[in-house]
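Each remark here refers to the structure printed beneath this line.
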Amino acid sequence: YYNGIYHEFYQYNPNGSVWGNIVWGHSVSTDLINWIPLEAAIERDTPSDINGCWTGSATILPGNRLVIIYTGADPEKRQVQNIVVPKNLSDPYLREWTKAGNNPVIQPVGPGLNSGQFRDPTTGWIGPDGLWRIAVGAELNGDSAALLYKSKDFLNWTRVDHPLYSSNSSSMWECPDFFAVLPGNSGGLDLSAAIPNAAKHVLKMSLDSCDKYMIGVYDLKSDTFIPDTVLDDRRLWSRIDYGNFYASKSFFDSKKGRRIIWGWTNETDSSSDDVAKGWAGIHAIPRTIWLDSHGKQLLQWPVEEVESLRGNEINHQGLELKKGGLFEIKGADSFQG
Ligand SMILES: *[C@@H]1O[C@H](CO)[C@@H](O)[C@H](O)[C@H]1NC(C)=O
Ligand SMILES: *[C@@H]1O[C@H](CO)[C@@H](O)[C@H](O)[C@H]1NC(C)=O
Ligand SMILES: *[C@@H]1O[C@H](CO)[C@@H](O)[C@H](O)[C@H]1NC(C)=O
Ligand SMILES: *[C@@H]1O[C@H](CO)[C@@H](O)[C@H](O)[C@H]1NC(C)=O
Ligand SMILES: *[C@@H]1O[C@H](CO)[C@@H](O)[C@H](O)[C@H]1NC(C)=O
């Protein structure tokens, strides 16, 4: 959400409804319901993303400066992290983006790192030392990890000597997401603003075709996430959704002071059906997400804007429904808006 406009970026193949040639599709909205599709925002046109512009996250830096960090696949198909900034701030839709001259800003190097499993950086947050941090999904010595990187200027990144969190119960996490929540409070928190003492932190990760999460605390001294409960069997980890829902990201919506999570639903059609339809995959309705009052489970509800799709209420009183009888509710056709 930037200067009054919601932006949705998504993984898009401009060349067909199968996976491949991935660029960043882009749509804008003022209400999360009505969307204007735009041209691709990030295309595969530099060595550091020539084999794909994969998932990333946006961060608003001081002075209302917007930056996106995203994963690129380089000519050797190594996964690297790149930066783009809006090209023309007078364009409210932010159609065009400029790639940083020093891309890639993070190389897949360092002890234990698999250069082919290193992607999907989070939104940045500021630590007590005033430095920016991001977490990147990775395979570290065969274990799954949210690797921690620090920077003063969001351009020059240094890997911290320990991950934000890692687990030997799985071998790779995609789309990590890290945010703060207040138990029993459905308002959202901006991870880069002052976080109340009573807040908990959430680490979300995508694996095994589902989005899972842990609730815990962000220990500022050790600069690590410490889950309240550690379950060795990853099948028991809490899930964001028990249906078809993957690769979600959340953001703090400063317009309404809430946290919104948004995920991708693979429709599970066959490839030939996807080609016949002309698309593959949909985005689930964005949801407000918060923590229950016991601090144990995330709660969620479709954003209130979906109510604007409701109209023509049909109301019948005192109807007796007879067994085998038929009562047709008239006027309840699909939405006419
Ligand atoms: C589109 O797909 C065709 C066939 O797979 C391929 O030859 C071509 O390079 C692709 N174009 C782009 C822009 O990715
Ligand atoms: C910047 O965006 C504004 C608003 O859309 C437009 O009028 C202007 O021509 C753009 N400038 C450039 C250099 O593209
Ligand atoms: C990048 O940051 C590191 C760590 O703070 C510092 O040692 C190094 O000089 C910086 N490099 C550049 C090019 O600014
Ligand atoms: C996995 O990590 C836990 C600590 O988090 C440790 O107790 C356990 O021995 C490790 N298991 C393996 C197979 O390395
Ligand atoms: C989507 O689901 C189908 C069926 O389960 C699976 O074959 C396909 O690989 C999935 N597509 C992606 C991009 O994950």
Side-chain angles (χ1 to χ4, degrees), residues 2-7 26-30 36-43 48 59 61 64-67 69 80-112 114 121 124-134 136 138-173 176 203 205 207-208 212-219 222-238:
Y2 187 73
N3 290 350
I5 308 260
Y6 292 101
H7 295 259
H26 184 195
S27 297
V28 291
S29 174
T30 52
I36 301 170
L38 302 174
E39 53 271 45
I42 310 178
E43 296 197 278
S48 59
T59 303
L61 304 178
N64 204 29
R65 287 179 301 132
L66 182 60
V67 58
I69 184 161
V80 299
Q81 315 312 323
N82 298 313
I83 292 273
V84 292
V85 295
K87 193 172 196 174
N88 178 6
L89 282 171
S90 312
D91 172 13
Y93 290 176
L94 307 176
R95 289 177 169 86
E96 294 184 272
W97 294 75
T98 303
K99 293 182 182 175
N102 56 340
N103 280 342
V105 294
I106 304 180
Q107 300 268 3
V109 294
N114 177 347
W125 72 95
I126 298 177
D129 52 9
L131 299 178
W132 285 98
R133 283 149 173 79
I134 54 163
V136 185
E139 179 190 320
L140 183 65
N141 298 313
D143 292 344
S144 48
L147 287 189
L148 191 60
Y149 286 80
K150 275 203 218 186
S151 174
K152 196 171 179 161
D153 57 5
F154 227 86
L155 281 173
N156 174 24
W157 292 92
T158 307
R159 182 170 149 193
V160 178
D161 61 5
H162 60 266
L164 178 67
Y165 186 66
S166 69
S167 166
N168 60 16
S169 300
S170 49
S171 60
M172 168 67 190
W173 291 333
L203 181 63
M205 60 285 274
L207 69 159
D208 301 337
K212 309 197 181 198
Y213 67 92
M214 297 176 188
I215 295 169
V217 292
Y218 178 38
D219 182 65
S222 61
D223 212 356
T224 56
F225 171 73
I226 302 176
D228 291 344
T229 312
V230 176
L231 295 168
D232 289 336
D233 185 343
R234 66 178 193 260
R235 291 172 303 178
L236 303 177
W237 295 357
S238 296

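This is a predicted model, so every value here is computed, not measured. All ligand and atom numbering here is 1-based and tracks the order in the structure.
- Within a 4.0 Å radius of atom 2 (O) of ligand 2, the protein has at least one heavy atom.
- Atom 4 (C) of ligand 2 has its closest protein heavy atom at Ser90 O, 3.4 Å.
- For atom 9 (O) of ligand 4, the nearest non-hydrogen atom of the protein is Asn168 ND2, 4.8 Å.
- By the 6.0 Å contact criterion, OH on Tyr93 is open, its count of non-hydrogen atoms from other residues, nucleotides or ligands being 12 or less.
- Across Val28, Leu38, Leu66, a single residue satisfies side chain to side chain contact (heavy atoms under 4.5 Å, CB included) together with His7, and that is Val28.
- In this structure, atom 14 (O) of ligand 2 has protein heavy atoms in its sub-4.0 angstrom surroundings.
- Using cut-offs of 30° and 60° for the angle between ring planes, the Phe154 and Trp132 rings count as perpendicular.
- Contacts between Asn88 and ligand 2, counted as non-hydrogen atom pairs separated by less than 4.0 Å, involve the side chain only.
- A donor-acceptor pair under 3.5 Å is formed between the side chain of Ser144 and the backbone N or O of Ser167.
- There is a protein heavy atom less than 4.0 angstrom from atom 11 (N) of ligand 4.
- Taking every heavy atom of both residues into account, Gly4 and Thr30 meet most closely at O-CG2, 4.0 Å.
- If you check which protein heavy atom lies closest to atom 5 (O) of ligand 3, you get Thr158 OG1, 4.5 Å.
- In this structure, atom 7 (O) of ligand 4 is not in close contact with the protein, since no protein heavy atom lies within 4.0 Å of it.
- Aromatic ring pairs are classed by plane angle as parallel below 30°, tilted from 30° to 60° and perpendicular above 60°; the pair Tyr165 and Phe225 is perpendicular.
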